[in-house]
Structure formats: structure tokens, C-alpha cells
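Keep in mind it's a predicted model, so treat the numbers as computed, not measured. For ligands, and for the atoms within them, numbers begin at 1 and follow the listed sequence.
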Amino acid sequence: MDQLTYRVGNGLYVNTTNRCTMDCTFCIRSRGSGIGNAPDLWLSKEHSREEILKDILRHDPGSYNEIVFCGFGEPTERLMDILYICGELKKQKNPPVIRIDTNGHASLIAGKDVTPLFEGLFDSVSISLNAPTAGEYEKLCRPEAGEEAFYAMLEFASKVKEYVPQTYLSVVDVLPPEKLAACREIADGIGVPLRVRHLI
Ligand code: SF4
């Protein structure tokens with residue numbers, strides 16, 4: 001049976017798709033099939049928004065610290081479905097806190113600015129910055145759109161922060177200090193915090 005949700009700490013993580021606009025050299029998907037207590041996050045198919053919602057609701061989402069759209073792929077590949085699910089979760093008697101971990105390509109995928117749609121549905125947005133320049137980003141993350149993807153991600157970050165106050169950029173903790181400093185400068189320029197996450 002496909003694993004649509006899994007637990008990490010006191011967060012309930014949601015796995016909606018295996019599609020992604022990048023092929024990061026460090027992606028966990030190239031090194032295994034699961035994370036934590038989820039042994040296999042490869043999906044046999046993309047499940048409907050209703051099936052995913054049902055799976056989340058059976059876990060009593062309000063009892064978790066947060067619901068996190070993350071999984072084994074880029075969640076905004078299914079933007080309209082995840083927005084629907086968030087809307088239904090926010091209607092619950094005890095609505096959960098909702099975060100999305102994203103590569104920041106939602107508007108690039110949609111071909112238009114979709115950041116206003118995040119308002120009131122997501123409590124926080126974590127965007128992978130990964131590298132301080134478009135060239136390094138392309139080399140490290142191998143985006144389908146090439147260097148354009150780097151600028152699209154930065155534009156997404158600068159816009160979505162107007163709708164989701166807890167927006168931040170993230171990098172993995174293997175970057176050398178000078179690159180980390182350059183990433184911090186980028187985050188400062190956009191006006192969002194930079195978080196350094198541990199490479200799984
Ligand atoms: S954006 Fe995330 S899911 Fe996509 S290839 Fe990179 S690490 Fe993997």
C-alpha cells in the first residue's frame with residue numbers, strides 16, 4: 001500500500017507525488033526508498049486529493065505539531081490538490097499548523113504567479129535555496145529549466161513572504177562557510193531568514 005503520510009518527530013508528513021522539476025545530486029530519492037518510519041515513499045500512482053485528505057484525517061492532524069507537505073517529490077507539482085487539502089484541514093474544529101517544504105518552483109510550474117493562493121492555508125513555507133549562484137544551483141540541483149529555475153525560486157520567495165509571514169530559505173549544512181555567507185546575503189536581500197538544515 002502506498003504511504004501517503006508518515007511521521008517525523010511530532011510532525012505528520014504528506015507524500016503526494018514523486019514528480020519533481022529538479023534532479024538534485026544530493027536527493028535522498030537516489031540513495032534509498034524511504035525516510036524515518038516510512039520504508040517506501042515511492043508511489044504506485046498519484047492518489048486523489050480526497051484519498052490523501054482521508055489519510056491525513058485518520059491521524060487526527062490537530063494532535064501533531066504540524067502537517068508538512070514534503071515527501072518524495074516536489075509537492076507543488078500538485079499545487080491545486082494540496083491547496084484543496086489545506087483548505088479542508090483549516091476547516092477542521094482543531095485546525096493544524098501547516099508547512100510546505102518546496103523547491104520554490106510553484107509559479108514556474110504554473111506559468112504564473114501563484115503566491116497569493118498560499119495565503120491563509122500555509123503557516124510556513126520553507127524554500128530550498130541550496131546554492132548562492134545560478135550556475136552552482138544548476139550544477140547541484142540539475143533543474144529542468146536550467147539557470148532560470150534559480151531566479152524563479154528567488155522571485156517565488158520574495159513574493160510568497162507577503163502572504164505567508166513565516167517564509168524562509170534553507171540550505172544544507174555541508175556548504176563551506178563562504179558559500180553559506182553568500183546564501184545568507186541572498187536571504188537578507190529578500191528579507192527572509194536563512195535556515196541551515198541537516199543533510200539526510
Ligand atoms: S527538489 Fe527535493 S525532491 Fe526534487 S530532486 Fe531536489 S531534493 Fe529531490
Side-chain angles (χ1 to χ4, degrees), residues 2-8 11-47 52 66-79 81-82 85 98-111 114-115 118 122 124-157 159-160 164 167-175 179-180 183 186-187 190 192 194-200:
D2 286 341
Q3 189 132 25
L4 303 179
T5 53
Y6 56 102
R7 189 180 182 136
V8 178
L12 183 66
Y13 282 61
V14 186
N15 181 34
T16 58
T17 184
N18 291 146
R19 284 181 284 150
C20 188
T21 49
M22 305 216 279
D23 178 22
C24 300
T25 50
F26 55 84
C27 184
I28 194 170
R29 302 183 308 171
S30 60
R31 286 180 283 120
S33 53
I35 303 170
N37 73 347
D40 189 359
L41 290 171
W42 290 112
L43 299 166
S44 62
K45 63 171 188 175
E46 285 196 350
H47 294 256
I52 298 167
E66 58 182 352
I67 303 299
V68 185
F69 286 84
C70 180
F72 242 40
E74 168 49 40
T76 61
E77 288 273 16
R78 296 190 63 184
L79 183 64
D81 291 326
I82 62 173
I85 294 166
I98 305 177
R99 184 180 99 207
I100 182 168
D101 289 353
T102 176
N103 63 17
H105 292 178
S107 297
L108 183 68
I109 295 167
V114 293
T115 55
F118 284 61
F122 290 101
S124 66
V125 180
S126 171
I127 303 157
S128 303
L129 172 60
N130 291 330
T133 66
E136 286 167 273
Y137 183 81
E138 186 176 23
K139 216 166 140 193
L140 189 68
C141 303
R142 302 183 290 204
E144 287 163 5
E147 291 192 5
E148 187 198 337
F150 179 75
Y151 300 108
M153 172 270 297
L154 293 180
E155 192 178 346
F156 174 82
K159 289 191 167 156
V160 79
V164 183
T167 290
Y168 49 93
L169 291 171
S170 75
V171 290
V172 285
D173 58 2
V174 294
L175 280 187
K179 287 194 199 292
L180 199 57
C183 287
I186 290 173
I190 289 175
V192 299
L194 181 77
R195 294 208 177 155
V196 182
R197 65 184 198 277
H198 181 61
L199 179 65
I200 301 172

message = Would you say that Ile127 contacts Val160 through its side chain, given a criterion of any heavy-atom pair below 4.5 Å between the two side chains?
response = yes

ask   = Do Phe72 and Ile28 come close enough that some side-chain heavy atom pair is under 4.5 Å?
value = yes

message = At a cut-off of 2.8 Å, what protein N/O/S atoms sit near atom 6 (Fe) of ligand 1?
response = Cys24 SG

task = Could you tell me which non-hydrogen atom of Lys179 sits nearest to which non-hydrogen atom of Glu136, and how far apart they are?
result = NZ-OE2, 2.5 Å

key: Shortest non-hydrogen contact from Glu138 toward Glu147   = OE1-CG, 3.2 Å

ask   = Does some non-hydrogen atom of the protein lie less than 4.0 angstrom from atom 6 (Fe) of ligand 1?
value = yes

inquiry  = As a test of understanding, state which of Thr16, Thr17, Thr102 forms a side-chain hydrogen bond (donor to acceptor under 3.5 Å, both in side chains) with Glu74.
reply    = Thr102

ask   = Pick one: which of Asn15, Ile100, Thr76 meets side chain to side chain contact (heavy atoms under 4.5 Å, CB included) with Phe69?
value = Ile100

